[in-house]
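Hydrogens, waters and symmetry mates are skipped; everything else that's a heavy atom, side chains included, is used. Letters A, B, ... are given to chains in the order of the sequence lines, protein chains preceding strands, and every chain is numbered from 1.
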Amino acid sequence: MELLGLYNYWVFPVLLMTGLYAIMSRANLIKKLIGLSMFQAAVFLLYITMDKIEGGTAPILQAGNPEQLYSNPLPQVLILTAIVVGIATLALGLAIVVRISETYGTIEEDEIQGQDAE
Amino acid sequence: MVVIVFEIFLLTLLVITAVGIVRSRDLFSAVMLLGLFSLQIAVIFFILDAADVALTEAAVGAGVSTVLLLGALALTSDREARPKGRRLLALGVASITALILIYASFDQPRLGDPQAPVHQHVAPWYLEQTPKQIDVPNVVTAILASFRGYDTLGELFVIFTAGIGVLFLLADGSGRGARSQLPSAEAQGLRHHLIPRVVGALLVPFIVLFGLYVQFHGDFGPGGGFQAGALVSAGVILYALIEGEASALRVLSFRALAGMIAAGALLYTGVGLAGILRGSQFLDYSVLLADPIAGQHLGIILIELGVGLTVTGVLLTIFHAFAARAQKR
């Protein structure tokens, strides 16, 4: 039972490495970006896991209930902004992929390198 | 207890989805699965008491990012070539790292442990000082907008820069956006499909209304500029998908969006500078009005408005940049 409390910390590396595996093993640039998004989501999960406190609730203060425990707001603030920054950087990456595709006619990394070598 | 079981079920589902995403050679289904992945992780965030984060992830991950990825697929190709080589090596590196990280997890405090180091340092101070110094119920908003306003300003400028970067990469260089070559609105969109049209017409006003509620109610409940920006853009993007690009641009033109991006960033910085001009520090809202608490409230509303404007502007500009690129081809 005690060990189940670590389940989040086991899922985190699995997701992280699934993302990294997609980045390392796939040559398709969009697939790499998808892997990067998953890697990023795993980090978000790690931070949000840390904010939880037993018997706590979302950190929105309730008037007239001074005994209420609240979960840690700080990781939430960090991740909240990181999600929106993440989508902005993903869009930038996709824009670069679109330009690569227009120039090389492919988004497979090995074919692009092959064309560069010629 | 029930919550933990539910969470474990969802986390397992998340891992299965992630494996499905990597294995799928059809990029279209990979992107759709990624949307599902975001929705699942949003529910997990909600279970872990992070309501603000869940709201953002649902709007951004399942909404906007799916549309952007589909846009990129339309501009490139949605089939992945058969991967060659390097797979075993990558699998080995990933597995060993995962095993080391899992081994390290045995030193972690259990989920929800009140004695965990993360709950001991600065977090109790924020929970204690928020009612005294800022007096808004949502502590996440208080930290985001006031205690750590400087960080948020930095994040806003990252988004701002990314938006400019996408425009540099994808705009046609005429400086006039895509207005000149837009075909008639009737030719595009899903307007000739009955179900998306009816459902969309019902949903779009409420998505935008909810976005505005989240924007202006962010001090009291979950919400704020980032969430509102993502929600409003998701609503407008849905409108653009149904009624066609041109109709959406008639509502919010490229020029208006560029104005929103700049106005939001300027509003945020301006509020910060107002603090200096009134004799205190950058982004100190207490001096904006005679009453420090009222000053904090005004400052938070203004900078959240700035964040909302910039985020909406950037996300919609990015969407239109992709869409305009697709029409040119």
- Task: Determine yes or no for a side-chain-to-main-chain donor-acceptor pair under 3.5 angstrom, with B/Arg325 supplying the side chain and A/Arg99 the backbone.
- Result: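 No: the side chain of B/Arg325 does not pair with the backbone of A/Arg99.
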
When rounded to the nearest 0.5 angstrom, what is the spacing between [atom1] in [X] and [atom2] in [Y]?
X: A/Ile60; Y: B/Asp52; atom1: CD1; atom2: CG; answer: 6.0 Å
X: B/Glu80; Y: A/Ile34; atom1: CD; atom2: CD1; answer: 8.5 Å
X: B/Leu127; Y: A/Leu61; atom1: CG; atom2: CG; answer: 6.5 Å
X: A/Thr103; Y: A/Ile112; atom1: OG1; atom2: CD1; answer: 9.5 Å

Contacting region of [X] [heavy-atom separation from chain A under 4.5 Å]:
X: B/Thr161; value: neither
X: B/Phe220; value: backbone
X: B/Ala18; value: both
X: B/Ala230; value: neither
X: B/Leu48; value: both
X: B/Pro222; value: both
X: B/Leu156; value: neither
X: B/Ile159; value: both
X: B/Ile44; value: side chain
X: B/Phe45; value: both
X: B/Val311; value: side chain

Contact winner vs chain B - [options], heavy-atom pairs under 4.5 Å:
options: A/Leu20, A/Thr49, A/Val14, A/Asp51; value: A/Asp51
options: A/Lys31, A/Gln62, A/Met38; value: A/Lys31
options: A/Thr106, A/Asn72, A/Thr18; value: A/Asn72
options: A/Ala82, A/Ala22, A/Ala91; value: A/Ala91
options: A/Leu16, A/Asn28, A/Leu33; value: A/Asn28
options: A/Leu92, A/Val97, A/Leu90; value: A/Leu92

Considering only heavy atoms, which portion of [X] lies under 4.5 Å from any heavy atom of chain B: side chain, backbone, both, or neither?
X: A/Ile100; result: neither
X: A/Leu94; result: both
X: A/Gln40; result: neither

[Y] and [X], any side-chain heavy atoms less than 4.5 Å apart:
X: B/Asp26; Y: B/Arg79; value: yes
X: A/Tyr9; Y: A/Met50; value: yes
X: A/Lys52; Y: A/Asn8; value: no

Closest-packed option against chain A by number of heavy-atom pairs under 4.5 Å, given [options]:
options: B/Pro109, B/Ala94, B/Ala104; result: B/Ala94
options: B/Thr12, B/Thr152, B/Val314; result: B/Thr12
options: B/Ile41, B/Leu55, B/Leu69; result: B/Leu69
options: B/Val307, B/Leu101, B/Leu169; result: B/Leu169
options: B/Val158, B/Asp113, B/Leu91, B/Ile100; result: B/Leu91
options: B/Ser65, B/Ala162, B/Ser105; result: B/Ser105

- Task: Any chance you could lay out the side-chain contact (heavy atoms from CB on, under 4.5 Å) test for A/Ile79 and B/Glu57, step after step, and finish with the verdict?
- Result: CA-CA 10 Å; A/Ile79 296 312; B/Glu57 177 67 34; over 6 Å; no

- Classify the side-chain pair B/Asp49/A/Gln76 by whether it contains a donor and acceptor separated by less than 3.5 Å.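 Side chains of B/Asp49 and A/Gln76: no pair found under 3.5 Å.
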
